[in-house]
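Lettering of chains follows the sequences in order, A, B, ..., and the numbering in each one begins at 1. We use all heavy atoms of the structure for the numbers below, so side chains are in, but hydrogens, waters and symmetry mates are not.
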Amino acid sequence: MPIHNSDIAGIFSRVADMLDIKGENPFRIRAYQNAARTVGELSRDVSEMIDREEDLSELSGIGKDLAGKIAEIVQTGSLKFLRELETEIPPELLELLKISGLGPRKVKALHRELGIKTLAQLKDALKEHKIRELEGFGEKTEANISDELERITGSEPRLKLVIADEIVKPLLDYLQKSSGVKKVEVAGSYRRRKETVGDLDILVIQKKDAGVMDRFVHYEDVKKVVSQGSTRSTVLLKSGVQVDLRAVNEVSYGAALHYFTGSKAHNIAVRKLAVKKNLKINEYGVFRDKKRIAGRTEEEVFEQVGLPFIPPELREDRGEIEAARDHRLPSLVTLKDIRGDLHAHTRITDGHADLKEMAEAAREKGYEYLAITEHSKHVAVARGLNAEELLRHLDDIDRLNEKLDGIVLLKGVEVDILEDGSLDLPDRVLSELDFTICSVHSRFGLSSKKQTERIIKAMDNDYFRILGHPSGRLINERAPYDVDMAQVITAAAKRECFMELNAHPDRLDLNDRHLLLAKELGVKIAISTDAHSTESLNYMRFGVWQARRGWIEPDDVLNTRKLTDLRRLLKR
DNA sequence: GCCGTTTTCGGCCCGACTGTTTTCAGTCG
């Protein structure tokens, strides 16, 4: 079995938890956590870097020791150090850490005093009210553990961005209406436009004691008030989502927004810069000694550490701070840059609108062009088209184009990549099209080697233009199929093929790290909605957000181009 | 365990809230 970055990250993160329960040096623990994150977010496979004898200790947060441990994991599949730790600390204990409110100290106490190792044993001890007897525990702790235990068995996955969007809007309206509230903004991973959101962080500016905290905890969707203070409160909504509300006053707004937007790693990196300049940054501002010298806007905060404004989508400590320092931050693509949509279906296959309705909806969005890309016959459930049906459909598009004003329909197809790497329609038909999107819709279970070969072989066809939803994942529903994406992107670069960023909020495929890799290798991206209705053309914003997280600029995107330039690019 | 335009040793981001406490540890973000 090949070792993936996520395997290595998982091992390091287990080591960190184990050391934490052991009561080890917190900075050593943090080193393992940082390494787990660094490896986990890398866009290239570490095992491949080792094959090429690259020096892993060049990676930030990876030194000689951890580089050696990574090599050990890649070569042997496991880590001796972790196996040793597991003889000292029962690995089941790590499950207990998932309970909010139980940290390493309390978990250790539960194990030491009551011999509790598993969630089941914890449940029993709760029933017998043994927990409240322990030093440092009490009735409330016991009740909280009990609540949490119930909650995680229903284990809520992280929210898709689109769902977070739906939940947060009415809450913002509600808070906005409270008297004395000057400004409300969502921060956190929502503002960074992460594809999924763990909880919602909302920031308000209020006049002194305007009572917004009280109003917040009485919102009709609140199931439980986790904590309530004068500057911060936390609630659980009925949907299971946790929402944090923080109140600051106006002079601290920028500092607070920066702080609560995160990411944590980004904040730490920025604060380190501040320390070097003898400054201190917290959510109230930037301070020299006790004096606040900035904090009203985010720009002010960045300025104090010698940086230009960094867009929230980039704030992951993935090189944005160095890029900002060297004045090479990307100017990220925006929704306004988008001139058309390159992936849409109509009622002919599994869409819900007809050609004309789709064309008019696209024109209303101010687009210059819309590509109609029906499924090919292999996707029988979607009534995919065979060669003759597609040719007739192309005639329909031609006829409609003659009548249309202000928008051009492009003739495309979403043709299946079959198991042997061939395309599901003959070349003589593909040659009639403006371009193709080629997608995998079957045999997701192939080995990484076979899946990768399948896709790259398909790219050898001269009519292959864009690889549709390249990983096949559905967020929270279906894992990506096993494929060596770095190899696929490299192959696309060599053959001058393109990759899709499917903007459907369930897909957002490519992910941000692969987008960055595609950009580095010079592979252009089509940001496309895969719309099956006029309404879903609106998903473009999710695609643009995801693209921004991948450092994508207008020039990296196919559909920021004028039609004439686009046509030239689409010719292979 | 990592890291270095003051350092190869001695630092490592910073604050709010809770619960169990007689002044603060633990946890979280």
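- Taking atom C1' in both B:dC9 and B:dC14, one finds a spacing of 24 Å when rounded to whole Å.
- Taking the C1' atom of each, B:dT7 and B:dC12 are spaced 13 Å apart, rounded to whole Å.
- Counting non-hydrogen atoms under 4.0 angstrom, A:Ile268 reaches a base of the nucleic acid.
- Between the P atoms of B:dC3 and B:dC13, the separation comes to 13 Å (whole Å).
- Judged by a 6.0 Å distance limit and a 45° cone about the ring axis, A:Arg193 is positioned over the six-membered ring of A:Tyr190.
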Where do A:Lys169 and A:Asp165 land on the salt bridge (Lys or Arg N to Asp or Glu O under 4.0 Å) test, with the steps shown first? CA-CA 6 Å; A:Lys169 279 182 176 151; A:Asp165 216 33; 3.3 Å; yes
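- No hydrogens or angles were tested; on distance alone, nothing pairs the side chain of A:Asn34 with the base of B:dG1 as donor and acceptor under 3.5 Å.
- Not counting sequence neighbours, the partners of A:Arg548 by the side chain to side chain contact (heavy atoms under 4.5 Å, CB included) test are A:Pro311, A:Glu313, A:Leu332, A:Val333, A:Thr334, A:Val544.
- Rounded to the nearest Å, the gap between the C1' atom of B:dT8 and that of B:dG1 is 14 Å.
- Distance from the side chain of A:Asp244 is smallest to B:dG29 among B:dG29, B:dC12, B:dC2.
- Between A:Arg28 and B:dG1, a side-chain N or O to OP1/OP2 separation shorter than 4.0 Å is present.
- Between A:Asn144 and A:Lys106, the residue whose closest nucleotide on DNA chain B is further toward the 5' end is A:Asn144.
- Proximity of the aromatic rings of A:Phe302 and A:His258 is defined here by a centroid distance below 6.0 angstrom, and this criterion is met.
- For the pair A:Thr231 and B:dC17, the criterion of a side-chain N or O lying under 4.0 Å from OP1 or OP2 is met.
- Phosphate contact (OP1/OP2 of B:dG15, side-chain N/O of A:Asn282, threshold under 4.0 Å): present.
- Spacing between B:dT21 and B:dG26 at atom P, rounded to whole Å, works out to 12 Å.
- Taking atom P in both B:dA16 and B:dT23, the straight-line distance is 22 Å, to the nearest Å.
- A:Pro104 comes within contact range of the sugar-phosphate backbone alone, with a heavy-atom separation under 4.0 Å but no base atom that close.
- Among the atoms of the strands shown, only primed sugar atoms or phosphate atoms (P, OP1, OP2) are found under 4.0 Å from some heavy atom of A:Gln242.
- Shown here, B:dC14 forms a base pair with B:dG29; the pair counts as Watson-Crick or G-U wobble because both key distances fall under 3.5 Å.
- Look at A:Arg132 and you won't find any side-chain N or O under 4.0 angstrom from OP1 or OP2 of B:dG19.
- When the side-chain nitrogen and oxygen atoms of A:Thr141 are compared with OP1 and OP2 of B:dT20, one or more of them lie within a distance under 4.0 Å.
- In terms of phosphate contacts, A:Tyr259 brings no side-chain nitrogen or oxygen within less than 4.0 Å of OP1 or OP2 of B:dA16.
- Contact annotation: A:Lys69 reaches the phosphate of B:dG1 (side-chain N/O to OP1 or OP2, under 4.0 Å).
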